[in-house]
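Notes to accompany the following structure.
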Amino acid sequence: MEPSKVPAPFLKPYNPTEQEPQMLELWEKSGYANPDVCVEKGVTKPDAEAYSIVLPPPNVTGTLHMGHAAMLAIEDILIRYHRMRGYKTLWLPGTDSAAIATQSKVETDIYKAEKKTRHDLGREELLRRIGEFTEESKATIINQTKKMGSSLDWSRYAYTMDEKRYAAVMEAFVRMYEAGLIYRGDRIVNWDPKLQTTVSDDEIERVEETTPFYYFQYGPFVIGTVRPETKFGDKYLVVHPDDARYKEYTHGQKIDLEWINGPITATVIKDEAANMEVGSGAMTITPAHSGIDFEIATRHGLDIERVIDDRGILLPIAGEFAGQHIKKARPLIVEKLKNKGLLVKIDEKYTNNLATNGRGGGVIEPQIKRQWFIAVNKEIAFPDGKKMTLKERMREAVDSKQTEIMPERFDKVYRHWIDNLRDWCISRQIWFGHRIPAWFKGDEVKVSITSPGEGWTQDEDTLDTWFSSGLWTFSTLGWPEETADLKTYHPTAVLETGYDILFFWVARMILMSTFLRGEVPFKKVYLHGLVRDGQGRKMSKSLGNIIDPLTMVEKYGADAARLSLIIGASMGNDVKLSEDRVRGYKHFANKIWNIARFVLENQHDSGAAPSTLQSKVDGRLIEADKVLIVEAQKVAEEVSADIDKFRLDLAADAIYHFVWDRFAAEIIEQSKEILKGDDKRASASRSRALHEILLISLKLLHPFMPFVTEAVWQQLPKKDLPAGRQGVDLLMVAPWPTGGQTG
RNA sequence: GCGCGCUUAGCUCAGUUGGUUAGAGCAUCUCAUUUACACUGAGAGGGUCGGGGGUUCGAAUCCCUCAGCGCGCACCA
């Protein structure tokens, strides 16, 4: 064959850096990521079944990491596959404001540069600065997302703080309040003294610390504690009713004893919350700073006195220690008790799980606060007429298989979480976020989106960021308006995300969607693992083992980066990634390129390419070649079945082996003889067969490696563009080898 | 304390209702070839499938048990 028949770009090795931007431009110009355009151009039938995924929105102020890259690769594979199969396919992009994280980052930056706190700036100015910051940084994450080849419909882009989403959040709050699901109450909450806000139970991260465990003489009792600084107000001694050691004491009995700041009168309380196994079995309680103690106190109508203020400073009840920070006061208090002869012993090696704010905050101090809560155990009426509690509804969603969690083992984790779920504290004392639509005038409270009138002031607090995230599958589709998008694409087909946010997000979307829409937010939940380094360690700055997805894209191409995150990553398990693996898949991209080059160089009749339509085998092919095509179609079926089962790793592996070991190494090698041979019919037939196998391979590979396959496709002289289709001929919308929607 | 997961070649992992001689990639070694592609091809070595016990004609796969690693939740006076 004359070399001139081979298009110019094929004369060089595959160069992702050169090809990728061109492919991105082609895709973007085509508009095919938008399902409306696909229908308009005849790519998708107007009545085709919908397939939708809402992208878990990355933090606006963040940069793309390997976890994002894995998520984008998985979702893009599902999306491209379904688009090629003819579904009305929507992948909806967005970004998240990440309220606490963003505000604390901006506050820190401002303090470093100007030595000013948010109170120096005021609410309005701080929000303006945060707005500037998010505006600047959002371009970064959006650009990086595009570079991975993600075929997202940017015309539907949503941001958690944009006008429409803000309105949806307000609407949701009001509806839930009116249904009696949202209430305001004084309860023990997790208070972060550093960020000066409450945080939810799920946001708490336990950090193991070794700390002394002190035993003190408390009248006739010995009590144990790791927190002597809370003990000033302790005037109740709690033992288990069945504890034989204390049976001589009766419930309510008064005992005079010497304590930290002098003589006090303690009251004996018998309550089953006391654990006979721990320490001496006797404890004193601090109801204002402990959830369990608060419950005990409430149960018996005991006094509740605050000991520690919002910043962690001891209150006047601490006597001579008042005004000191709890951390500094602790050893001094122990010293004083020791001097008074009340220190019995110290167990130095006690392992304590310290509660901290997982979002970069401080050590949690339980405090009693008036906050907004969502009642999870209250029976209410759902839009579809069902009467049950939120907890029950969240269980029902998975029991009934309306939502299926994959891998299955996370189903149990989800149920376990629901069992332990308590009312969700949704108010936060930060400024950046959706402001609570509640208004106060004296003792009166009104909930409404706009001010009820003269003299009413709005609640200063904002909502937990997961409140708005919970609405995400439908707020992005136009809710509360009953839009066409909402009707077509909700419930979404799949929610694909990391297993680490199963509780934060997945469970809350189910909660919100079932209540506000009476339907589940997604039919399936697919949870992927964490991306770790080659040795299985978490990637972190301090270890210096971070593999940056964009560096990998620059060095080896986006296709290689994507494939390295898919092959070998079985469902729900962590992925171990090393640069060597990425490099290996770059070789594969080049292999594809060269296969195409060989096939094109050996086209006998470039004017009449084979039909290549699924299950129809070209009549001009000789028997041996028909067998080859059937074999390729079998691979297509296998790949499709694997994708349908969410076994993307197996699908990618199957097509990888077919293309390299079978197509390149065997079929093409054998073909060299045939093509050079004297049997014209055999040689023409083989030439057509190779072309057809190439087309099938490109299609099967495209969801996994969109760039190199599209680049090759664009060089092919003639493809199987279906009749009636307008616009650019892109592999992105070429028909899938096993056929349309119903398979 | 309750629950979940993992343990298969030097490394990373497949092996979905039990069924020939347990597979792949990377790495290692040997050979070939200037080729569609050296970002290549052919081949080799490498495994008592974590230990023990059981069910079965048959177990990497099912059951019991032990060990190591990892994770979640709860407790935390």
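In what follows, every chain begins at residue 1, and chains take the letters A, B, ... in the order their sequences are listed.
- Comparing B:rG53 with B:rU61, their P atoms are spaced 14 Å from each other, to the whole Å.
- Within 4.0 Å of A:N420, counting heavy atoms only, lie sugar-phosphate atoms of the nucleic acid but no base atom.
- Residue contacts shown for A:A664 include a base, since a base heavy atom lies under 4.0 Å away.
- Taking 4.0 Å as the cut-off between side-chain N and carboxylate O, A:D419 and A:R395 count as a salt-bridged pair.
- If you take CZ of A:F410 and C1' of B:rG3, they are 13 Å apart, rounded to a whole angstrom.
- One finds no side-chain N or O of A:W660 lying less than 4.0 angstrom from the OP1 or OP2 phosphate oxygen of B:rG25.
- Distances shown here put a side-chain N or O of A:K591 below 4.0 Å from the OP1 or OP2 atom of B:rG41.
- Rounded to the nearest Å, the gap between the P atom of B:rA59 and that of B:rC4 is 27 Å.
- Here A:I292 lies in heavy-atom contact (under 4.0 Å) with sugar-phosphate atoms only.
- When every heavy atom of A:W259 is checked against every heavy atom of A:K231, the shortest pair comes out as NE1-O, 2.8 Å.
- Counting to the nearest Å, the C1' atom of B:rC2 and the CZ atom of A:R409 are 18 Å from each other.
- For the pair A:L530 CG and B:rC6 P, the interatomic distance rounds to 16 Å; values are reported in whole Å.
- Proximity of residues 641-651 of chain A to RNA chain B (heavy atom under 4.0 angstrom from any strand atom) is restricted to A:R647, A:L650.
- Nucleic acid contact for A:D234: none, since no nucleic acid atom lies under 4.0 Å from a heavy atom of the residue.
- One can find a donor-acceptor pair under 3.5 Å joining the base of B:rA36 and the side-chain atoms of A:E669.
- Using a 4.0 Å heavy-atom cutoff across all strands shown, A:V238 reaches no nucleic acid atom at all.
- Computed from coordinates, the A:I501 CD1 to B:rC73 P distance equals 14 Å when rounded to whole Å.
- Per the geometry, CG belonging to A:N353 stands 9 Å off C1' belonging to B:rC75, to the nearest Å.
- The two residues A:F704 and A:R562 make their nearest non-hydrogen contact at O-NE, 3.2 Å.
- Atom CD1 in A:I595 sits about 17 Å away from atom P in B:rC39, given to the nearest Å.
- The partner of B:rG43, taking Watson-Crick or G-U wobble pairs whose two distances both stay under 3.5 Å, is B:rC29.
- Every residue was checked against the salt bridge (Lys or Arg N to Asp or Glu O under 4.0 Å) condition with A:E496, not counting sequence neighbours, and none meets it.
- To the nearest angstrom, C1' of B:rC4 lies 18 Å from OH of A:Y414.
- Of all non-hydrogen atoms in A:A689 and A:D625, the two that sit nearest each other are CB-CB, 3.8 Å.
- Remark: A:R227 engages A:E365 in a salt bridge, criterion side-chain N to carboxylate O under 4.0 Å.
- When the P atom is used for both B:rC29 and B:rU34, the distance is 23 Å, rounded to whole Å.
- For A:R581, there are no salt bridge (Lys or Arg N to Asp or Glu O under 4.0 Å) partners at least two apart in sequence or on another chain.
- For the pair A:R662 and A:E631, the salt-bridge criterion is met [side-chain N within less than 4.0 Å of a carboxylate O].
- Look at CG on A:D661: it is 8 Å from P on B:rG41, rounded to the nearest Å.
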